[in-house]
Every structure is written in C-alpha cells, then in structure tokens.
2 protein chains.
Amino acid sequence: MPERTSISKRVIERLSEYRSTLDEFDTTETRSIYSHDLAKLCGVTAAQVRRDLMTIGFSGSSAKGYDVSELQQTVGDFLGFGEERRMALVGIGHLGRALLDFFADRNPKLILCAAFDINEMRINRVIHGVRCYAVSQLTEVAKEKRANMGIITVPDAAAQDVATALVEGGVSGLLNFAPVQLRVPNHVFVENLNISTVLEKVAYFAGQSGDKER
Amino acid sequence: MPERTSISKRVIERLSEYRSTLDEFDTTETRSIYSHDLAKLCGVTAAQVRRDLMTIGFSGSSAKGYDVSELQQTVGDFLGFGEERRMALVGIGHLGRALLDFFADRNPKLILCAAFDINEMRINRVIHGVRCYAVSQLTEVAKEKRANMGIITVPDAAAQDVATALVEGGVSGLLNFAPVQLRVPNHVFVENLNISTVLEKVAYFAGQSGDKER
DNA sequence: TTAACACTGTGATTTTTTTCACAGCAGAGC
DNA sequence: GCTCTGCTGTGAAAAAAATCACAGTGTTAA
Ligand SMILES: NC(=O)c1ccc[n+]([C@@H]2O[C@H](COP(=O)([O-])OP(=O)(O)OC[C@H]3O[C@@H](n4cnc5c(N)ncnc54)[C@H](O)[C@@H]3O)[C@@H](O)[C@H]2O)c1
Ligand SMILES: NC(=O)c1ccc[n+]([C@@H]2O[C@H](COP(=O)([O-])OP(=O)(O)OC[C@H]3O[C@@H](n4cnc5c(N)ncnc54)[C@H](O)[C@@H]3O)[C@@H](O)[C@H]2O)c1
C-alpha cells in the first residue's frame, strides 16, 4: 500500500528513466543533482522532474538539489525493486533470443526465470543461464518457478494462447511484442510493444520538415 | 503540406494500429467496419476511433460504418506510405539481427537499405537481402543509398556517434534502442525505445492488484 | 549579519487528450 | 412513405498532463 492516488504510466516510465540515468553516476563523486540537469539527461523539463518526484513524495534541498543515492533508493523502492520480479519469456526466436541475451545479467531485480518454445530444437537447453522448456509445460513451470511477468515473442497467431497459459500460471503482467490485442482477466496488466507501429511513427515525423519531437 | 494542425504522436500510433489491423481483413468479404468494432480490435474506445479519423478528415457512413479499403488507403496515404522510406540499421548484434530478420520482407514501404557494424565478422555480407557495411562508411553509404531513417542498435556508448553519422548521411528520423539521450539537430525526429523501461513499467503495474491498463 | 542567488515545492493555469452525449442521417422493416 | 434503429460527426465537457510562476529556503559571499 505505498502509493495513494494511482499514478499514470507516463510518470512510471519517467521515474524508471530517472533511476537508470542516475545509475550511471558515481555517487562518491556526484552526490547530488538539480532537477534541471536530470531533466536534460532524460530529455524532459525541469518542472516535470520536480513534479514527478513530488508525486512520489521525494524532496530535495533548495541549494543542493536532489541527493543522488537517496533518489536512486527511493525511486527504486517505489518502482518495487524491493521485491523481485520473475519473468518467463515465451518464444525463443530472433527477438526472444535478443532479449534473453540482454536480460541474462542485467537488472538484478528483473530475473528471467524460464524460457519456452514449441520447437524441439530450442528446448531442454540452457541459454545464458536460463533454462528452456516446451510450451506444453508453460503453465506448470510458470507456477513452479513463481513467475509473475511474461514476455511474449511468439508468432502472432500463438500469442493469445501463450498469454492465457501464462495467466493461468500466475503471471499478472505481460509485455507483448505480437501485434495482437490480447484478452486477459482484469487484474492482468498488458503492455503491447509493436515495433512496426513505432517505426511508422518515426517515418511519419521524419517526413515533416521542421517538427520537433514530443 | 498535407495536414494543417500538427498531429500528436499518440494519434499517429493509433492510426498505424488501425491500418495494420485492417490489413488482416479480406476486403472482398468485409467491406466496411463500425468504429465500435475497429475500436475493440485495437483496444481503444469507439469515440477515439471516430475522433482520430475525423482529425485526418476521413468519413464513414452512418449505416455502414467505414469502408475498409478506403480507410486503409486513406490512412496509408496519410502516414506517408506513398513515398518509400529507406532505413539504415546500425549494430548487427542480437537486437539488430532480430530486426533485420523481421523487416527483411515486411512492410514494403519501410525498406531496410543497408546495415552497419564495427565488427569485421559482420561486414561485407548480405543478411536477408540486406548488405552489411563497416560503420566507417556509414555517412557515405547512407547518402548513396538515400536512407532517410536510422535504427540504432549499437552498445550505449556508441549510440551518439552513430546518430551523428546517420544525420550527416541525410537521415531525418531515428529509432534508438540505446538508453541514451541523443543530441541531434532540430529537424531530426528521435524516438527512444528503452525496453528496460517498458519492463519496469510492466513490473510496477503487475504489482498493483486490480489495476486495469490505460 | 545581511544580501543576493539559484534552487525546490507547489498552487494556479494552460494545454492536450479523452470522453460524453446528442443531432442528424441512412437504411431496414413495415 | 413513414418509423425505428443504430450509426457517425462533432461541439461541449471532463479529465489528465504539462507548464508557469513565484513564495520560501538553504547557501554563499561580503
Ligand atoms: N524480430 C523482430 O525484430 C520483431 C519486431 C517486431 C515484432 N516482432 C514480433 O515478435 C514476435 C516474434 O518475432 P520473431 O522475429 O522473434 O519470430 P521468430 O519466428 O524468429 O520466433 C518465434 C519463436 O516462437 C516459437 N513458437 C512458435 N509457436 C509457438 C508457440 N505456440 N509457443 C511457443 N513458442 C512458439 C518459434 O519456434 C520461434 O522460435 C512476432 O509476433 C513478431 O510480429 C518481432
Ligand atoms: N538485445 C536486446 O534485447 C536489447 C534490449 C533492450 C535494449 N537493447 C539495447 O540495444 C543496443 C544493442 O543491444 P544488443 O543486445 O543488440 O547488443 P549486441 O552487443 O548484441 O550488439 C551490438 C552490435 O553493435 C556493434 N557495434 C559496436 N560498436 C559499434 C559501432 N561503433 N558502430 C557500429 N556497430 C557497433 C557490435 O559489433 C555488435 O554487433 C544496446 O544499446 C542495448 O542497450 C538491447
């Protein structure tokens, strides 16, 4: 029961950016940072930074700005870095493989606890420390491994079935790369990431002559 | 000079979704669609669909809804599918490879015209019909191939240099996967796609009990 | 000790985005 | 041909998000 009023996706995204930007800092060297500087590093305005930090109840000092390590800690706690997240990845194809490599030893609070595929060639192996299983065992293994998030990188037609199985396995958050609208129970959060759409957006705005982002 | 008032990123994203959703339809079978139905397929509200189509000046009929093929055509034209987009991909690593495979024979209006890497092993090859060059030739080749968009999938530290070289090569739109804030001239549109941030967002909202998306 | 400064925290305001709600229309049924 | 239905187009309202702008404050310098 940390947060009171529900906080928008946009704010959460920015908080995540602030935190990872701060991670690059050597806290023994840079002890504190001004909203202006953090803003510039993240491509937002200073007022926005202050407002966002205000919504999670974090305060700085007027002369020093924000204490870097305190801020890292507070934002991290807020985003739930206290409790670990266990992710199951389904679809060890091109994209799935890239993600496996990427998250293998990345954020220690987002743990890839299992991977799944339908292709015999891909299962019963260990890739970057992550064990690969057959999708037929998805629900079962997800439960056993206590996965609470799922990443879907299977062909479009398989996405819904995979989502259903993940949910049955106890997952309550999905990142879906297939351009398909998933039907899931209300308590499950779904984020769709359609790379084609993003590219079409870039194409559109790249077309305009002098139109600045945002 | 097609559109008057500048249109937001959000609207463009949704238009792209509408269009790709419509692509799945057999237009000889389904000639028209209601805002309600398109909305459901795309996970938005009917009013939103109508409003979005209104902003690009597209009209339906009160009894039939929207003519599917006309809608495809109009949205496609609006998004600039008339003129081709030529993309350069830089960084043929895990993620870059996945994108290469994906876009090789995908959207015929988004053409991957060249790929680049710094690693000797990866250059002077043709992957899925896309020729791979050394980054040292980036600006030069981008010009020659008339690339107007760039996709950046290099390690974080190299992203800025790559962006600069792409812009010099005539690119005016960038999709950047590196968690780095790029500095580019004003006329260049940059979209940052930070997958870690997206996952942290999912983690946050998956944590909340009964909180619906949006 | 005081003054000047540059910052934060935040109410107020503005801008943007979404939703509401309904007039008006086109076709179906009678 | 009239009525009923359920849709679109859209002003108006509401909600959400971003920005402004400034009082209050710790810090430094004189
Ligand atoms: N690769 C990309 O860059 C990219 C970009 C945008 C979107 N996507 C989307 O991501 C998804 C995957 O793309 P990809 O390029 O990695 O595809 P891919 O074909 O390389 O990989 C798909 C993997 O899923 C496995 N699979 C198939 N059916 C399955 C099932 N029922 N259960 C479990 N595994 C199953 C396949 O064996 C394969 O390993 C697609 O929906 C695609 O539209 C991919
Ligand atoms: N792989 C993922 O799933 C994933 C997820 C999120 C973000 N990212 C981001 O995407 C970027 C690439 O990730 P990746 O996993 O594909 O990395 P990778 O190491 O697999 O690939 C990077 C590629 O870039 C090449 N390269 C290095 N320096 C270069 C230069 N100066 N010019 C051109 N090419 C150069 C390397 O040779 C390599 O082929 C990183 O910024 C990473 O943070 C990747």
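Chain A is the first sequence line, chain B the second, and so forth, proteins listed ahead of strands; every chain is numbered from 1.
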Please determine if a side-chain N or O atom of [X] lies less than 4.0 Å away from the OP1 or OP2 oxygen of [N].
X       : N      : value
B/Ser35 : D/dC7  : no
B/Gln48 : C/dT19 : yes
B/Ser59 : D/dG9  : yes
B/Arg50 : D/dG9  : no
A/Ser8  : D/dA17 : yes

> Strictly by modelled atom types, are A/Thr164 and A/Gln160 linked by a side-chain donor-acceptor pair under 3.5 Å?
Replying inline: yes
>> Using the side-chain heavy atoms of B/Arg10, tell me which of these nucleotides is nearest: C/dA21, C/dC7, C/dT17.
In response: C/dT17
Rounded to the nearest angstrom, tell me the gap between atom [atom1] in [X] and atom [atom2] in [N].
X       : N      : atom1 : atom2 : result
B/Leu38 : D/dG9  : CG    : C1'   : 16 Å
B/His36 : C/dC20 : NE2   : C1'   : 13 Å
A/Arg31 : D/dT27 : CZ    : P     : 15 Å
A/Glu13 : D/dA16 : CD    : P     : 17 Å
B/Met54 : C/dT17 : CE    : P     : 14 Å
B/Phe58 : D/dG9  : CZ    : P     : 8 Å
B/Ile12 : C/dT16 : CD1   : P     : 16 Å
A/Tyr34 : C/dT8  : OH    : C1'   : 11 Å

> Checking only heavy atoms, does the side chain of B/Arg51 share a donor-acceptor pair with the base of C/dT17 at less than 3.5 Å?
Replying inline: no
> Among pairs that include at least one residue of residues 49-63 of chain B, which meet salt bridge (Lys or Arg N to Asp or Glu O under 4.0 Å), considering only residues two or more places apart or in two chains?
Replying inline: B/Arg14-B/Asp52
> What are the residues of residues 60-68 of chain B, sorted by number, that bring a heavy atom to within less than 4.0 Å of DNA chain C?
Replying inline: B/Ser62, B/Ala63
> For A/Arg31, does the CZ atom sit with more than 12 other heavy atoms under 6.0 Å from it, leaving out its own atoms?
Replying inline: no
> According to the interplanar angle, ranging from 0 to 90°, do the rings of B/His128 and A/His94 count as parallel (below 30°), tilted (30 to 60°) or perpendicular (above 60°)?
Replying inline: perpendicular
>> On a heavy-atom basis, which atom in A/Lys143 and which in A/Glu168 lie closest, and how many Å separate them?
In response: CE-O, 3.5 Å
>> Run the salt bridge (Lys or Arg N to Asp or Glu O under 4.0 Å) test against A/Lys145 and tell me which residues pass, sequence neighbours left out.
In response: none
>> Before you tell me yes or no, could you show the steps for A/Val135 and A/Asp161 under side chain to side chain contact (heavy atoms under 4.5 Å, CB included), namely the whole-Å CA-CA distance, both residues' side-chain angles and the distance that decides it to 0.1 Å?
In response: CA-CA 10 Å; A/Val135 263; A/Asp161 287 349; over 6 Å; no
